[in-house]
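Please read the structure below before turning to the comments.
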Amino acid sequence: MAQPPPASAGDPLDDADLEFEAALASHDLASAASPNSRTSTKASAPSGDYRDGAMYEPVGFGEFGAYMRNKRAKLQVQNKDLVEQAKGLPQIFRGLHIYINGYTDGITLPELQNLLIVHGGVYVPYLDQKSLVTHILAANLTPSKRHEFRDYKVTTPNWLTDSAKAGRLLDWRDYSLLAPVDTPPLPKGLEATAGARAAEDAARLGTQTGQRSLHRRKPTPPSPPRRRRRRAALAPTSPPAARSERQNALLGDQDWLMRHTSSSVDFLAGYFAQSRLHLISNFKEDLKMLVAATQQSLPSRKKKLTGRASDGRTVFHVDFDCFFVSAGLTSRPELRGKPICVCHSRGNADAASSTSEIASCSYEARACGVRNGMSLGRARELCPEIQTMPFEFELYKSISMTLYSILLKHASFLQAVSIDEVLMEIKVEPTILREHDPALERAQQIRAEIFDATGCPASIGISHNILLAKLATRKAKPANAYHLLAEEVDEFIATLGVDELPGIGWSMRDKLKAQLGVETVGDLRKVPPHKLAKAIGPDNGRKFAAFAQGVDDRELELGKARQSVSTEVNYGIRFPVDRHDLVERFVRQVGVETARRLREQGLQSRQLTLKVMQRHPEAPVEAPKMLGHGWCTTENKVSTLAGRSGGATDDGDIVGETACKLMRSLQAPPHELRGIAVQLSKLE
DNA sequence: ATCCTCCCCTAC
DNA sequence: TAAGGTAGGGGAGGAT
Ligand SMILES: Nc1ccn([C@H]2C[C@H](O)[C@@H](COP(=O)(O)OP(=O)(O)OP(=O)(O)O)O2)c(=O)n1
Ligand SMILES: [Mg+2]
């Protein structure tokens with residue numbers, strides 16, 4: 001690789017570090033080279049509509065309800081005064097989680113909270129989808145509140161004070177603010193939460209039809225009453241189809257289950273051969289290694305970044321349009337221009353009820369509301385004529401390699417974001433006039449080069465920091481480039497929804513809305529820093545306050561040492577009653593596989609964590625998603641690893657055995673298992 | 001403050 | 001039928 005030439009005289013970017021600029025410039029010319037264990041438990045909140053891509057939850061989703069519940073319980077116990085006060089008082093509110101929306105004269109909020117807590121209740125500070133709330137106390141009810149609260153037990157603060165006075169739980173309905181409504185009374189007093197939504201999904205999907213199999217010890221509990229969705233926005237336009245006869249037949253056939261789930265020896269290998277999420281995660285790690293091997297480390301800057309335009313950076317974000325679809329289209333030109341998607345289902349038989357996930361869909365399908373991550377069944381409702389294409393993993397990897405080799409020629413300082421996405425920093429002349437934009441011209445040239453080499457359209461976003469480059473890509477898509485200039489940032493960014501900022505997903509979006517009434521980035525800007533920090537934490541508060549101004553001082557990430565290696569399987573985990581032998585065989589396989597991945601990285605580990613998902617006691621036996629994990633509780637068990645000569649190890653037998661030991665110590669009933677993972681950390 | 005441990009959350 | 005993986009940022013609570 002060429003030595004960095006001296007920085008050119010009269011560099012217009014007097015603000016930038018010379019050494020850094022020189023290195024960047026040189027790389028523009030470079031070519032691509034080619035036995036103490038701990039445990040903890042939490043209940044996992046279930047999904048909303050699992051079939052809706054917007055509600056897609058990654059693995060380990062949402063133990064938020066129970067997490068907050070536990071956390072609040074803990075906070076309360078820490079308050080010694082209250083514990084003392086509670087002694088001898090009847091715990092009439094035990095198990096109740098109460099949100100106080102308003103109260104009347106004659107009593108203060110702290111007094112109400114105190115009264116609630118000393119009688120065993122839990123105070124819920126704010127209302128959102130995930131907080132478990134059994135009752136709401138309100139002094140009055142505007143029409144909009146009436147609508148928002150319609151599925152809760154809404155009553156008055158007097159109910160609380162009177163109950164406390166009486167020393168017993170009075171009927172909340174006697175204090176109800178709601179006129180009698182068409183909604184039936186709630187079943188047990190802990191609904192109106194995400195939990196209830198999942199149960200409801202299950203009921204709608206007909207998942208409790210009582211099929212018998214070795215995979216169930218007891219008859220299915222009665223289906224919870226069907227309830228209206230709490231938020232109209234979540235309701236699909238038409239009720240989703242129930243699981244098909246065929247699906248039910250398979251799930252009830254123990255022979256079939258033994259052959260197609262974790263009870264089969266071959267399951268693990270077959271599963272990873274077909275999992276697209278495994279592919280993209282795994283391949284990303286490969287790309288990070290490739291990039292690290294190809295480029296030298298980022299020279300340190302003399303000046304720290306401010307994250308503003310004055311840094312004089314030019315960041316490019318390159319991202320294929322509907323990547324898996326575009327790749328598939330290279331050999332299927334007849335499907336161009338049509339609504340299509342890539343998923344495992346062939347889309348023939350029971351397509352209407354298919355829970356197969358769409359990995360990528362064409363922009364024509366997106367026009368109907370179809371999204372990546374949605375189930376095929378849901379997509380069919382939105383777009384009946386949608387066609388499917390099979391996965392072609394080798395093709396994706398090959399196209400991705402071509403992309404990376406092209407981009408490595410244009411800039412050696414490059415961050416592997418994903419199989420279809422790259423961040424890079426290129427030294428270009430600054431843009432003076434909109435009519436002459438060297439960065440944009442460079443981007444169009446790169447796009448053409450990518451298209452020529454791969455047959456796939458990529459889009460490129462350009463700006464002076466990572467955040468804005470990524471947002472620019474969204475404006476560019478599909479099949480174009482966009483340079484987001486400093487002077488247009490303010491206006492552009494204010495109108496975005498907060499969840500369009502990278503790093504804000506559904507959880508933080510809901511929290512911002514519930515606690516601060518913040519929905520757009522413009523709203524976010526107006527929040528005082530201390531309030532933001534209180535709602536989302538000090539670091540996040542600072543980060544997103546800066547993001548809201550379009551400010552992002554992050555450097556490209558490259559060549560960072562790996563902190564952990566793990567293997568997770570949260571699909572197809574089904575074992576017959578009492579078959580501990582099959583569980584043990586599977587856990588050992590997962591452990592051996594994880595050790596293999598560790599060796600592949602030339603690493604050793606001193607700590608193993610076993611993660612086990614079990615069906616939540618209130619969840620239906622069969623998850624809404626075919627062979628999915630459904631609503632679960634999760635347990636993590638940690639053990640120190642001891643190699644044959646003491647310290648760290650990469651030995652498959654040791655890792656497998658340690659994982660099995662932790663699994664045995666859990667005493668989990670095999671038929672309730674839904675997910676198993678082994679993570680190795682403390683690497684050296 | 002700063003660290004550690006156990007989570008949750010996010011992105012693709 | 002279907003293949004809901006995985007690394008890393010960061011918050012909360014506690015130890016130092
Ligand atoms: N829930 C998801 C999201 C993405 N992917 C895979 C398939 C996508 O093609 C690829 C890249 O993800 P992107 O987020 O970049 O989405 P696309 O490239 O499909 O569309 P676009 O980038 O045009 O929005 O990752 C997936 O399997 N499941
Ligand atoms: Mg893409």
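Just so it is clear: chains get the letters A, B, ... in the order the sequence lines come, proteins before strands, and each one is counted from 1.
If you take NE2 of A:H629 and C1' of C:dG4, they are 5 Å apart, rounded to a whole angstrom. Rounded to whole angstrom, the span from the CG atom of A:L627 across to the P atom of C:dT1 amounts to 12 Å. One atom, CG of A:L277, and another, P of C:dG4, lie 5 Å apart when rounded to the nearest Å. With rounding to whole Å, A:Y396 atom OH is found 18 Å from B:dC12 atom P. One atom, NZ of A:K543, and another, P of C:dG9, lie 9 Å apart when rounded to the nearest Å. Taking atom NE2 of residue A:H317 and atom C1' of nucleotide B:dC12, one finds them 10 Å apart after rounding to whole Å. At whole-Å resolution of the value, CZ in A:F283 and C1' in B:dC12 are 13 Å apart. At whole-Å resolution of the value, CG in A:L376 and P in C:dT1 are 12 Å apart.
Residue contacts shown for A:Q679 are absent, as no nucleic acid heavy atom lies under 4.0 Å away. Note on A:G572: nothing from the nucleic acid sits closer than 4.0 angstrom, heavy atoms only. No contact: A:R259 has no heavy atom under 4.0 Å from any strand. Across all strands shown, A:D420 has heavy atoms under 4.0 Å from sugar-phosphate atoms exclusively, and none from any base. As judged by a 4.0 angstrom heavy-atom cut-off over every strand, A:T567 is placed among residues touching the sugar-phosphate backbone only. Using a 4.0 Å heavy-atom distance criterion, A:S281 is classed as a base contact. A:V417 comes within 4.0 angstrom of nothing in the nucleic acid, heavy atoms only. Residue contacts for A:I504: at a heavy-atom cut-off of 4.0 Å it reaches the sugar-phosphate backbone alone, with no base atom in range.
Distances shown here put a side-chain N or O of A:Q247 below 4.0 Å from the OP1 or OP2 atom of C:dA2. Under 4.0 angstrom from either OP1 or OP2 of B:dC4 there lies no side-chain N or O belonging to A:K682. Taking only side-chain nitrogens and oxygens, A:S356 comes nearer than 4.0 Å to OP1 or OP2 of C:dA3. For A:R276 and C:dG4, the shortest distance from a side-chain N or O to OP1 or OP2 is below 4.0 Å. Taking 4.0 angstrom as the limit, A:N570 places a side-chain polar atom (N or O) nearer than this to OP1 or OP2 of C:dG5. For A:S354 and C:dA2, the shortest distance from a side-chain N or O to OP1 or OP2 is below 4.0 Å. Contact annotation: A:K560 side-chain N/O to C:dG9 OP1/OP2 distance is under 4.0 Å. OP1 and OP2 of B:dC6 both lie 4.0 Å or more from every side-chain N or O belonging to A:K637. Applying the 4.0 Å criterion to OP1 and OP2 of C:dG5, one finds that A:Y271 has a side-chain N or O inside that range. Regarding contacts with the backbone of B:dC9, a side-chain N or O of A:S507 is found under 4.0 angstrom from either OP1 or OP2.
For the pair A:S275 and A:K288, nearest-nucleotide mapping onto DNA chain C gives the more 5' position to A:S275. Annotation: of the two residues near DNA chain C, A:D539 and A:L279, the 5′-most nearest-nucleotide partner is A:L279.
Test A:Q247, A:R574, A:R615 against A:E622 for side chain to side chain contact (heavy atoms under 4.5 Å, CB included) and you get one pass: A:R574.
Between the side chains of A:D321 and A:S459, at least one donor-acceptor pair of N or O atoms lies under 3.5 Å. Side-chain contact of A:S356 with A:H344: a donor-acceptor pair under 3.5 Å is absent, judged by distance alone. Donor-acceptor pairing under 3.5 Å is lacking for the side chains of A:S681 and A:S564.
Listed nucleotides C:dA3, C:dA7, C:dG5 differ in distance to A:Q274; the shortest reach to its side chain belongs to C:dA3. Nearest nucleotide to the A:S566 side chain, out of B:dC6, C:dG5, C:dT6: C:dT6. With C:dG4, C:dG10, C:dA7 as the candidates, the nucleotide lying closest to the side chain of A:N540 is C:dG10. Side-chain atoms of A:P538 lie closest to C:dG11 of the nucleotides C:dA2, C:dG11, C:dG5. Closest to the side chain of A:R562, out of B:dC6, C:dG8, C:dG4, is C:dG8. Residue A:W506 has its side chain nearest to B:dT10 when only B:dT10, C:dG4, C:dT6 are considered. With distances taken from any side-chain atom of A:H344 to the nucleotides C:dG5, C:dG9, C:dA3, the minimum falls on C:dA3. Listed nucleotides: C:dT6, C:dA7, C:dG9. Nearest to the side chain of A:V565: C:dA7. With C:dA7, C:dT6, B:dC12 as the candidates, the nucleotide lying closest to the side chain of A:F272 is C:dT6. Of all nucleotides listed (C:dA3, C:dG8, C:dA2), C:dA2 comes nearest to the side chain of A:T355.
Outside the 6.0 Å centre-distance limit, the rings of A:F575 and A:H671 are not counted as a close aromatic pair.
A:S360 contributes atom OG, which lies 7.5 Å from atom CE of A:M389 (distance to the nearest 0.5 angstrom).
Side-chain contact between A:V583 and A:M663 is present, with at least one heavy-atom pair separated by less than 4.5 Å.
For A:H278 against C:dT6, no side-chain N or O and base N or O form a donor-acceptor pair under 3.5 Å.
Distance noted for atom P between B:dT10 and C:dA3: 23 Å (whole Å).
Classification of A:K288 and A:E557 as a salt-bridged pair fails, no side-chain N sitting under 4.0 Å from a carboxylate O.
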